[in-house]
Amino acid sequence: MIVTGGASGIGLETVRALRKAGAEVAVATRKPTGDQLALDLSDLHSVRTFVASWTGPVHAIVANAGVMALPTRQVAANGWELQLATNFLGHFALITGLHENLRQAGDARVVMVSSGAQLRAPFDFDDPHFERRPYDPWVAYAQSKTADVLLAVGAARRWAGDGITANAFEPGYVHTNLQRHIDAATMRARGAMDEEGNLLMPPHFTTPEQGAATAVLLAASPLMDGVTGRFFSSANQEAEVVQGGPDATTGVATWSLNPSAADRLWHYALTATTTH
Ligand SMILES: NC(=O)c1ccc[n+]([C@@H]2O[C@H](COP(=O)([O-])OP(=O)(O)OC[C@H]3O[C@@H](n4cnc5c(N)ncnc54)[C@H](OP(=O)(O)O)[C@@H]3O)[C@@H](O)[C@H]2O)c1
């Protein structure tokens, strides 16, 4: 199994739990130590090197690595908006690059770590990299997390005949390095920080272990045999399908599961990742 971003936060707990259950897990990370493997998802050259060096079947990929709400528009070396490049396009190149290895496993699983943020924005096919519309840190994050769900839907539609299932989930609110770009006022407004800057644990927050639980379920549980193209909540339940938008608080947006959007996005990402 491969867990991206498996050296910290929810990814680290996912790796620990999968290993405890007996799985052989490769940790793919930007700054590898020990037996970890180097992978920078914002750099297609790095992704291709990772793919080329892999031999043999892959039983599961947990696409967990991510960045959130970069305050200003940052771009990868090839000009892609950095949240989309890291959270989605890099993972797309990785997962499609390893398709044959997944197929060889016979019953492989793709697990996309998405977010409740997918409720906030559909994928913008007209301007995915914010080249013409004003950059918004949260819209950029939300779009990338919607794209992660659509990747699962697209893979489920294409790869069922190869025995590959693909699902997405949201891990809930968890204190990790992911919040490094969130200012104190926003953290306080969420009830996640006190006036002195100490982190608080409001009831709607969970631990990294709890956040990892759904990843482990989707990657390894026999309960998920044959289940594909679905979105799960952090409570390990399939999420209710709702209209996305500013008032949506729980569930999965219709735009995140839309099969036409999934197919369109697949073609967009395939062209983008093979021509850059
Ligand atoms: N925490 C939450 O409340 C929450 C809520 C909803 C969804 N999520 C999702 O959960 C996933 C895990 O996040 P987390 O909360 O555990 O945060 P985290 O501790 O910051 O983990 C994110 C991981 O992604 C890695 N990463 C970032 N950019 C990368 C790149 N270009 N190439 C390869 N790896 C890269 C990071 O590596 P470095 O250490 O090198 O930066 C880090 O290991 C993310 O996809 C996030 O969107 C989290």
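Positions are given from 1, in the same order as the sequence printed here. All ligand and atom numbering here is 1-based and tracks the order in the structure.
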- Query: Taking Leu94 as the fixed residue, which of Leu44, Thr273, Val51 is the one that meets the side chain to side chain contact (heavy atoms under 4.5 Å, CB included) rule?
  - Reply: Val51

- Per-atom contacts of ligand 1 with Val113, taking only distances under 4.0 Å to non-hydrogen atoms: 9 (C), 10 (O), 11 (C), 45 (O)

- Test side-chain contact (heavy atoms from CB on, under 4.5 Å) applied to Ala21 - qualifying residues, sequence neighbours left out: none

- Item | Residue, atom name and distance, where the atom is the protein heavy atom closest to atom 8 (N) of ligand 1 | Pro171 CG, 3.6 Å

- Message: Side chains of Asn167 and Val111, heavy atoms from C-beta outward: is any pair under 4.5 Å?
- Response: no

- Task: Anything under 30° is parallel, anything over 60° is perpendicular, the rest tilted; go ahead and classify Tyr135 against Phe130.
- Result: perpendicular

- Message: At under 4.0 Å between heavy atoms, is it the side chain or the backbone of Lys145 that contacts ligand 1, or both, or neither?
- Response: side chain

- Query: What protein heavy atom is closest to atom 48 (C) of ligand 1, reported as residue, atom name and distance in Å?
  - Reply: Leu178 CD2, 3.4 Å

- Message: Under 4.0 Å, heavy-atom basis, I'd like to know which part of Ala28 is in contact with ligand 1: side chain, backbone, both or neither.
- Response: neither

- Identify the protein heavy atom lying closest to atom 17 (O) of ligand 1, giving its residue, its atom name and the separation to 0.1 Å. Thr176 OG1, 3.2 Å

- Message: So for ligand 1, is Asn64 a polar contact partner (N or O within less than 3.5 Å, distance only)?
- Response: yes

- Item | Arg109 (side chain) donor-acceptor with Ile164 (main chain) under 3.5 angstrom | no

- Cluster companions of Val242 among Ile, Leu, Val, Met, Phe, Trp, Tyr (side-chain spacing under 4.5 Å): Leu119

- Give me the ring orientation class for Phe88 and Phe92: parallel if the planes are under 30° apart, tilted from 30 to 60°, perpendicular past 60°. tilted

- Item | Shortest protein contact, atom 3 (O) of ligand 1 (heavy atom only) | Val174 N, 2.8 Å

- Purely on distance, is any nitrogen or oxygen of Tyr173 under 3.5 Å from one on ligand 1? no

- Would you mind listing which atoms of ligand 1 come within a distance below 4.0 Å of any non-hydrogen atom of Asp40? 30 (C), 31 (N), 32 (N)

- Could you list the atoms of ligand 1 found under 4.0 angstrom from a heavy atom of Arg180? 41 (O)

- Any N or O of Ala7 closer than 3.5 Å to N or O of ligand 1: no

- Message: Against Asn87, only a single residue in Ser114, Ser115, Ser144 fulfils side-chain hydrogen bond (donor to acceptor under 3.5 Å, both in side chains); can you say which?
- Response: Ser144

- Just checking, is any N or O donor in the side chain of Thr146 or Gln143 under 3.5 Å from an acceptor N or O on the other one? no

- When distances are taken from atom 7 (C) of ligand 1, the protein heavy atom at minimum range is Ser114 O, 3.2 Å

- Message: How far is atom 21 (O) of ligand 1 from the closest protein heavy atom, and which atom is that?
- Response: Ser8 OG, 3.3 Å

- Query: Using heavy atoms and a threshold below 4.0 Å, how should the contact between Val67 and ligand 1 be classified: side chain, backbone, both, or neither?
  - Reply: side chain

- Query: Considering only heavy atoms from C-beta outward, does the side chain of Val27 approach that of Leu12 to under 4.5 Å?
  - Reply: no

- Please walk me through it: do Asp194 and Arg188 pass salt bridge (Lys or Arg N to Asp or Glu O under 4.0 Å)? CA-CA 6 Å; Asp194 68 15; Arg188 285 196 199 99; over 6 Å; no

- Taking only heavy atoms of Tyr141, which atoms of ligand 1 are found under 4.0 Å from at least one of them? 7 (C), 8 (N), 46 (C), 47 (O)

- Check whether NZ of the Lys or CZ of the Arg Arg103 lies under 6.0 Å from the centre of the six-membered ring of Trp159 and within 45 degrees of that ring's axis. no

- Query: Given that the side chain starts at C-beta and the backbone is N, CA, C, O, which of these parts of Asn177 lies under 4.0 Å from ligand 1, counting heavy atoms, or is it both or neither?
  - Reply: both

- Message: Checking a contact table here: which protein heavy atom is nearest atom 27 (C) of ligand 1, and how many Å away?
- Response: Arg30 NH2, 3.4 Å

- Should we say atom CD of Glu238 is surrounded by more than 12 heavy atoms from elsewhere, each under 6.0 Å from it? yes

- Item | Validation row: Met68, His181 side chains within 4.5 angstrom (heavy atoms) | no

- Message: Taking 4.0 angstrom as the limit and counting only heavy atoms of Gly9, give me the atoms of ligand 1 inside it, by number and element.
- Response: 16 (O), 19 (O)

- Between Gln179 and ligand 1, find which residue part has any heavy-atom pair under 4.0 Å and reply side chain, backbone, both or neither. side chain

- Message: Counting only heavy atoms, tell me which of Ala212, Ala65, Ala192 gets closest to atom 34 (N) of ligand 1.
- Response: Ala65

- Query: What part of Leu41 sits under 4.0 Å from ligand 1 if we count only heavy atoms: the side chain, the backbone, both or neither?
  - Reply: both

- In terms of the angle between their ring planes, are Phe205 and Tyr173 parallel, tilted or perpendicular, with boundaries placed at 30° and 60°? parallel

- Tell me which protein heavy atom sits closest to atom 22 (C) of ligand 1, plus the residue, atom name and distance to 0.1 Å. Gly66 O, 3.6 Å

- Message: Below 3.5 Å, N or O to N or O, backbone or side chain included: is there any such pair between Ile10 and ligand 1?
- Response: yes

- At a non-hydrogen distance cut-off of under 4.0 Å, which region of Glu170 contacts ligand 1 (side chain, backbone, both, or neither)? neither

- Query: Mind checking whether His129 and Leu89 have side chains closer than 4.5 Å, heavy atoms only?
  - Reply: yes

- Message: Residue-level breakdown please: for Leu39 versus ligand 1, do any non-hydrogen atoms fall below 4.0 Å on the side chain, on the backbone, on both, or on neither?
- Response: backbone

- For Gly172, the ligand 1 atoms with a heavy-atom partner under 4.0 Å come out as 2 (C), 3 (O), 4 (C), 5 (C), 6 (C)

